Number of protein chains: 2
Amino acid sequence: MLFMKKADFRSICPLSSSLDLVGDKWSLLIIRDLFMGKTTYSDFLSSPESIATNVLVARLKSLKEYGIIDVRKDEKRKNIKYYFLTDMGKDLLPILANMALWYEKHVHAEPEPISKHLTDLMMK
Amino acid sequence: MLFMKKADFRSICPLSSSLDLVGDKWSLLIIRDLFMGKTTYSDFLSSPESIATNVLVARLKSLKEYGIIDVRKDEKRKNIKYYFLTDMGKDLLPILANMALWYEKHVHAEPEPISKHLTDLMMK
DNA sequence: CTGTATCCAGCCGGATACTG
DNA sequence: CAGTATCCGGCTGGATACAG
């Protein structure tokens, strides 16, 4: 697995273990993008953090391996794939929303559309 | 700042920004330890993930800079410091608890004491 | 355009030695 | 024991070229 530093080592701690899966900035930003309605390779590349293509490919691969996202062929544009969150991935919403809210509460008070969007998603 | 890759760059996205502060495995594990009642240098070293001492020092420093933890001299044992969460740090509890619960729900069903502890803390 | 691969500078972190 | 510092191998990720 991609983020496992020591071979086969996994802490007993469920928090530490979850960090091995999603404790990576780029992975969480891709997941954010998916919550924001992005679905394609170019969608992810267009995000303001400008992820490198090799990083994007690597993260998409590991997220799929972990069962957090899945991939399907687009019925209309046959040559491209679209990526979407599995139920496992969707359950990360409270974590992302809370992180955004935490930042706005303690660092920068001006609420940005994204945190509102994530919070709204979480409410319904 | 420690995790700022590009000089002075900070995304507009509050999630991305919060990841610059706490989107690091070691930082979150130290914060977990603090929620679990650990307070000292040796406490952190004794955790099962065996953080390296240079990493521990670096993380304690940046967490203090960010205002997530603070340090005080122990009144009884004058020669050591103890570390504790600020209100800003305490507000990270739902994030940690949710990550632990997420892992137990989707990867490993056996609940460990830590997730129960974090959840209990969150409830009261 | 979607997606992959390669190069390589720089950072991360494990090991270890050191100070008070 | 608390806390710091240095060495250095390996990984991360930016740039870029490439394939379909």
Side-chain angles (χ1 to χ4, degrees), chain A residues 1-11 16 19-30 33-34 38-65 69-84, chain B residues 1-11 16 19-30 33-34 38-65 69-84:
Chain A
M1 284 194 197
L2 204 61
F3 307 123
M4 302 297 286
K5 300 301 160 74
K6 304 181 183 181
D8 288 339
F9 176 81
R10 170 159 293 176
S11 170
S16 176
L19 289 171
D20 289 331
L21 304 185
V22 292
D24 168 82
K25 172 161 175 150
W26 294 118
S27 298
L28 288 174
L29 291 181
I30 292 171
D33 283 352
L34 288 164
K38 301 192 172 187
T39 54
T40 67
Y41 186 86
S42 63
D43 283 342
F44 304 132
L45 284 184
S46 73
S47 286
E49 293 84 9
S50 51
I51 188 171
T53 56
N54 56 341
V55 177
L56 176 57
V57 167
R59 293 300 183 278
L60 289 173
K61 188 173 176 217
S62 60
L63 287 173
K64 183 165 185 339
E65 281 177 11
I69 68 172
D70 209 343
V71 193
R72 209 174 285 161
K73 298 260 184 200
D74 191 319
E75 290 303 315
K76 292 154 192 167
R77 296 186 293 162
K78 301 270 188 188
N79 53 330
I80 74 168
K81 302 173 184 171
Y82 78 94
Y83 302 87
F84 60 97
Chain B
M1 284 193 198
L2 205 63
F3 306 123
M4 303 297 285
K5 299 302 158 76
K6 303 181 182 181
D8 289 339
F9 176 81
R10 170 158 294 174
S11 171
S16 176
L19 289 171
D20 289 331
L21 304 184
V22 293
D24 169 83
K25 171 160 177 152
W26 294 118
S27 298
L28 288 174
L29 291 180
I30 291 170
D33 284 352
L34 287 164
K38 302 192 171 186
T39 55
T40 67
Y41 185 87
S42 64
D43 283 343
F44 304 131
L45 283 185
S46 74
S47 286
E49 293 84 8
S50 50
I51 187 171
T53 56
N54 56 342
V55 177
L56 176 57
V57 168
R59 294 299 183 276
L60 288 174
K61 187 173 176 218
S62 60
L63 287 173
K64 182 164 186 336
E65 281 178 10
I69 68 172
D70 209 343
V71 193
R72 212 174 284 163
K73 297 257 183 204
D74 191 319
E75 290 303 315
K76 293 152 191 168
R77 297 185 293 162
K78 301 270 186 186
N79 54 332
I80 73 167
K81 303 172 183 172
Y82 78 94
Y83 303 86
F84 60 96

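Every value quoted in this text rests on a predicted model; they were computed, and no experiment measured them. So that the names make sense, note that chain A is the first sequence line, chain B the second, and so on, each numbered from 1. Computed over heavy atoms, backbone and side chain alike; hydrogens, waters and symmetry mates excluded.
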Open item on the list: In this structure, how many angstroms lie between the P atom of dC12(C) and the CH2 atom of Trp26(A), rounded?
Closed with: 14 Å
Open item on the list: Rounded to whole Å, please give me the gap between NZ in Lys61(A) and C1' in dG3(C).
Closed with: 13 Å
Open item on the list: At 4.0 Å (heavy atoms only), tell me whether Tyr83(A) reaches a base, stays on the sugar-phosphate, or touches nothing.
Closed with: sugar-phosphate
Task: Rounded distance in Å - NZ (Lys38(A)) to C1' (dT2(C)) - done: 16 Å
Open item on the list: Looking at Ser42(A), I'd like to know whether one of its side-chain N or O atoms comes within less than 4.0 Å of OP1 or OP2 on dC1(C).
Closed with: no
Task: Distance in Å, Leu56(B) CG paired with Leu29(B) CG, rounded so as to fall on 0.5 Å steps - done: 11.5 Å
- [ ] To the nearest Å, give me how far apart CD1 (Ile80(B)) and P (dT4(D)) are.
- [x] 13 Å
Task: Atom pair CG/CD1 of Leu45(A) and Ile51(A) - distance to nearest 0.5 Å - done: 7.5 Å
N/O-N/O pairs, protein side and nucleotides 15-20 of chain D side, under 3.5 Å:
from: dT16(D); atom 1: O4; to: Thr53(A); atom 2: OG1; distance (Å): 2.9

TODO: Name all residues meeting the ring pair (Phe, Tyr, Trp, His ring centres under 6.0 Å) criterion together with Tyr41(A); count only those two or more places apart in sequence or in a different chain, and write none if there are none.
DONE: none
TODO: Nearest whole angstrom, please: distance from the P of dG13(D) to the CD1 of Ile30(A).
DONE: 11 Å
Open item on the list: I want to verify a distance call: between dG13(C), dT2(C), dG13(D), whose nearest atom is closest to the Asp24(A) side chain?
Closed with: dG13(D)
Task: Distance, rounded to the nearest Å, where Leu19(B) contributes CG and dG13(D) contributes P - done: 12 Å
Task: Listed partners of Lys64(B) passing side chain to side chain contact (heavy atoms under 4.5 Å, CB included), at least two apart - done: Ile69(B), Asp70(B), Val71(B)
Open item on the list: Without decimals, in angstroms, what is the distance between Arg59(A) CZ and dG13(D) P?
Closed with: 5 Å
Task: Heavy-atom check, side chain of Ile30(B) versus side chain of Leu60(B), under 4.5 Å - done: yes
Open item on the list: Do Asp20(A) and Lys25(B) have side chains that approach each other closer than 4.5 Å (heavy atoms only, starting at C-beta)?
Closed with: yes
Task: Whole angstrom value for the distance that separates P of dA15(C) from CD1 of Ile51(B) - done: 13 Å
TODO: Report the C-alpha distance between Leu63(A) and Tyr83(A) in whole Å, list the side-chain angles of each, state the deciding distance to 0.1 Å, and finish with yes or no for side-chain contact (heavy atoms from CB on, under 4.5 Å).
DONE: CA-CA 10 Å; Leu63(A) 287 173; Tyr83(A) 302 87; over 6 Å; no
